[in-house]
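Data block below; observations after.
Since this is a predicted model, take the numbers as computed values, not measurements.
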Amino acid sequence: MLGGRLLHGGDYNPEQWLECPEVLEEDIRLMKEAGVNCVTLGVFSWSVLEPEEGVYNFDWLEERIDRLGEEDIQVVLATPSGAMPHWLTQKYPEVRQVFADGKRNLPGKRHNFCYTSPVMREKITALDRALSERFGRKENVILWHISNELGGNFGDSTCHCELCQEAFREWLKKKYGTLDNLNHAWWGRFWSHVYTDWSQIHSPAPHGECGMTGLALDWKRFSTEQISDFCTMEIEAVRTYSELPVTANFMDFFKGLDYQRMERDFDIISWDSYPFWHEKQDEVKPAVRAAANHSLMRALKKQPFLLMESTPSQVSWRDYNPLKRPGMHMLSSIQAVSHGSDSVQYFQWRKGRGSFEKFHGAVVDHLNGANTRTFHEVAEVGERLPGLTELLDKTINRPKAAVIFDWENWWAVEDTQGPRLDLDYVECVLSHYQAFWEAGIEADFIGMDADLDGYKLVSAPLNYMYKEGYAEKVRRFVESGGFYVTTYFSGVVDETDLCFTGHHPLEDVLGIMPEEIDAPSEEFANSFSYQGKEYPAMRICAVVHPKEGTEVLSVYDKDFYAGAPMVTRNGYGGGQAFFIAAESDISFLRAFYNDMFQSAGLKNALGIELPYGVTVTVRTPQGDCAGQNDKSLQMSGHCPAGSIVFVMNFRHEPVELTRIGEWTDAETKEKVSGILKLEKLSCRILTAGLPQR
């Protein structure tokens, strides 16, 4: 646990108030009142830290760091590369990004810089080293925050300037060696697009090559590598005089960067969470998405992460921005902690008076200081977290299930032409994950490069691309006793987006032979029955044939492929593999996965069927006693001894759970026997009592 406690605080921008010392002193008083113990400084401070080229102004920052230290408030110190000062973009216009259409951006916005630019690299490296020398050994500075929301420009997250084109060509030379290899991987003979000189290669562009999917895939891979290289440069700079750990704030399912590649650059994973609470009365969809993001961030390193940003009230950048209803701020904050976060941090501490985010939620509003509902709810979180610090120290979530979510597959499946052009990989994965969430079964979100050992059930929806070695990994997993679920439009192409020929890479494991893929309109929607109930088959319907020994659990009802398998099960080695041939709805996925959970021996910590809108997560001790082998654990009820169980109600009404066994409320120390009452939008935290009988 960083700094020895659960962190509570967020982005603090004192540079906006340097002419108001009374405001800066009020900040300290209010932070203490709100239970703030950590703030992030310097995220967008370049123009104040270096008001002119080579002239550094650090005194204001040191005064703030020292004053915070006097009050036992720790600091996450950021490198300010997220937004450039105007003196830089005016003197060195080549640092500004070039869009895919060839136009160089004007000054302004965020992340409007070329990651390849030698000038940009030189200037930020010098500033980072100076920050490292001045602050890298400050007692209350605990973490380096590299840039901000990497790639998060208002548009394309990459630069297409000639420097980047040359870097891309060099990257391709290292990857493919020869143009013959590249032309084969990209299937260049189609439309006669064979490259005969490396200089002919250009990034995908709306007025140029935009239909070669292999090129598009490699450009996205290169962009991640180039931004990673830029981060590595910044990390080396801040470590010139400092040994502090480093992080970077990732974002909600951000398509522009492969976080599963980026994670190796950082010591600690952190991310910025902004669910769309109260879009509707039903909060399950945003709760599922937030839970999935938390699980993804935790699974990147299989260790606790940091919630680096969240809003204490509302955001300002959607068409409409509802306030958090009473209870939701506490619930959403504890939701992050329940999934493995060791912090609750906000954007931002105090609202700015002007510019783009002056109406974005903050702990301190423009008016009334501490006398606001938002401030009081933040203070309640600040009061609750210290009581959980010792309880949660050295704990982490250890799911027995995993969902395959892979960035390169995401890029490939949404860029392909057919069978549909409206495929939404994230929404597909989340629809499957919702069945896990509703059942209180935790799942890691992992890429195809991840190890499958230790999991009982792995779900791989819309797994269009198979990376090298992935099929063999799945084969070993199922052969060793695992349960594997996959769907239509999976195992279609290799990692260069070339279609497999001859047979499906997992034909023997799945026990099916694919033939056709239908993408019917609504008027041709199909249906099927599963366990006696009828469900829709829509949007994509794969026509497959069962191999000998494969059990057909359901068939299509209509059209020329009526009677063809819709759901299949195949035994392979000691495990089982399941195939879902068509997209269906959440009611089917609930029924299907409930059968999977039962077959795989997976139960939630309470061992009961949960009412809609209620879910359960578990943090267990790390170390030798927290491995993924149940035989090595002393069990108490349905979870390991020493577990901390979070029971969350995302409904706008109270609920009552029954037949839950014996527990202790971790905060009040009251015994909970048989019945657990949950207020609306609330979370109860339990420790294991006697095993359920």
Side-chain angles (χ1 to χ4, degrees), residues 292 401-406 409-410 412-414 416 418-420 422-436 443 445-448 452 457-467 470-471 474 477-478 482-493 499-500 504-507 509-520 525-528 530 535-546 550-556 561 564-570 572 576-597 599-600:
V403 175
I404 300 295
F405 181 87
D406 192 281
N409 181 69
W410 184 6
V413 74
E414 291 191 5
T416 193
R420 298 190 71 99
D422 59 352
L423 291 176
D424 191 323
Y425 179 54
V426 172
E427 288 305 311
C428 174
V429 170
L430 289 178
S431 68
H432 284 251
Y433 175 69
Q434 183 172 337
F436 289 75
F445 276 65
I446 60 174
M448 284 184 275
L452 302 183
L457 171 63
V458 173
S459 173
L462 203 54
N463 200 173
Y464 166 73
M465 172 191 288
Y466 279 8
K467 290 182 177 178
Y470 174 71
V474 172
F477 170 74
V478 179
F483 287 74
Y484 181 74
V485 177
T486 194
T487 72
Y488 55 89
F489 213 43
S490 294
V492 179
V493 300
C499 291
F500 292 113
H504 190 283
L506 286 176
E507 183 177 300
V509 177
L510 298 174
I512 57 168
M513 293 182 293
E515 183 182 356
E516 293 182 291
I517 299 176
D518 190 19
N526 214 313
S527 61
F528 64 99
Y530 179 81
Y535 300 100
M538 52 194 181
R539 290 173 49 80
I540 291 188
C541 300
V543 180
V544 303
H545 304 284
T550 299
E551 184 178 2
V552 177
L553 303 179
S554 178
V555 298
Y556 290 109
Y561 43 92
M566 167 59 203
V567 183
T568 64
R569 174 172 58 199
N570 185 52
Y572 185 83
Q576 298 180 39
F578 297 79
F579 181 76
I580 301 172
E583 182 177 330
S584 192
D585 60 13
I586 185 59
S587 60
F588 163 68
L589 293 175
R590 284 189 195 111
F592 173 79
Y593 279 108
N594 282 336
D595 288 344
M596 293 300 97
F597 302 148
S599 298

Output the distance between atom NZ (Lys467) and atom CG (Asn463), rounded to the nearest 0.5 Å. 10.0 Å
Output for pair (Gln434 CD, Glu427 CD), nearest 0.5 Å, gives 10.0 Å
Partner set under ring-ring contact (aromatic ring centres under 6.0 Å, His included) for Phe477, not counting sequence neighbours: none
Residues that Phe445 engages under ring-ring contact (aromatic ring centres under 6.0 Å, His included), provided they are two or more places apart: Tyr433
Residues two or more places apart in sequence or in another chain: which of them pass side-chain contact (heavy atoms from CB on, under 4.5 Å) with Asn526? Ala537, Tyr556, Asp557, Lys558, Asp559, Tyr561
Residue set satisfying side-chain hydrogen bond (donor to acceptor under 3.5 Å, both in side chains) with Tyr425, at least two apart, ordered chain then number -> Asn409
By salt bridge (Lys or Arg N to Asp or Glu O under 4.0 Å), Glu551 pairs with (sequence neighbours left out) Arg569
Measuring only between side-chain heavy atoms, which start at C-beta, is Leu457 closer than 4.5 Å to Val485? yes
Any non-hydrogen side-chain atom of Val429 less than 4.5 Å from a side-chain atom of Leu462? no
What I'd like to find out is whether the side chain of Thr487 reaches to under 4.5 Å of the side chain of Glu583, using heavy atoms alone. no
Using every non-hydrogen atom in the two residues, find where Ala519 and Arg420 come nearest and quote the distance to one decimal. CB-CG, 3.7 Å
Tell me which donor-acceptor pairs under 3.5 Å the side chains of residues 510-517 have, and how far apart each pair is, sequence neighbours excluded?
from	atom 1	to	atom 2	distance (Å)
Glu515	OE1	His545	NE2	2.5

So, Phe579 versus His504, ring centres under 6.0 angstrom or not? no
So do the side chains of His432 and Val403 get within less than 4.5 Å of each other, counting heavy atoms only? no
Atom pair CE (Met596) and CD (Gln576), whose distance is rounded to the nearest 0.5 Å: 7.0 Å
Would you compute the distance between atom CE of Met566 and atom CG of Leu553 and round it to the nearest 0.5 angstrom? 10.5 Å
What residues form a side-chain contact (heavy atoms from CB on, under 4.5 Å) with Thr550, not counting sequence neighbours? Pro546, Lys547, Thr568, Asn570
Going by side-chain hydrogen bond (donor to acceptor under 3.5 Å, both in side chains), name the residues that satisfy it together with Ser459, two or more places apart in sequence or in a different chain. Tyr593
Closest approach of Ala471 to Leu506 (non-hydrogen atoms, all atoms of both residues): O-CD2, 3.3 Å
Looking only at heavy atoms, which two atoms of Asp585 and Ser587 are closest? And how far apart? OD1-OG, 2.7 Å
Rounded to the nearest 0.5 Å, how far does CG of Asp406 lie from CE of Met448? 3.5 Å
List the residues meeting side-chain contact (heavy atoms from CB on, under 4.5 Å) with Ser599, not counting sequence neighbours, and say none if there are none. Phe483
State, to 0.1 Å, how close Glu414 and Val426 come at their nearest heavy-atom pair, and which atoms those are. OE2-N, 4.2 Å
Not counting sequence neighbours, which residues clear side-chain contact (heavy atoms from CB on, under 4.5 Å) with Val493? List them please. Tyr464, Met465, Asp497, Cys499
Quick check: does any side chain N or O of Thr486 sit under 3.5 Å from a backbone N or O of Ala460, one acting as donor and the other as acceptor? yes
With no hydrogens and no angle check, is any side-chain donor or acceptor of Ser431 less than 3.5 Å from a backbone partner on Cys428? yes
If we only count heavy atoms from C-beta on, is the Ser584 to Pro536 side-chain gap below 4.5 Å? yes
Taking ring-ring contact (aromatic ring centres under 6.0 Å, His included) as the definition, give me every residue that meets it alongside Tyr488, ordered by chain and number, with sequence neighbours left out. none
Taking every heavy atom of Pro461 against every heavy atom of Ile404, the minimum-distance pair comes out as CD-O, 4.4 Å
I'd like to know if the side chain of Asp595 pairs up with that of Tyr530 as donor and acceptor (distance under 3.5 Å, no hydrogens or angles considered). yes
In terms of the angle between their ring planes, are Phe528 and Tyr535 parallel, tilted or perpendicular, with boundaries placed at 30° and 60°? tilted
Can you name the residues that form a ring-ring contact (aromatic ring centres under 6.0 Å, His included) with Phe597, not counting sequence neighbours? Phe436
Hey, could you give me the CD1/CG distance between Ile586 and Leu430, rounded to the nearest 0.5 Å? 10.5 Å
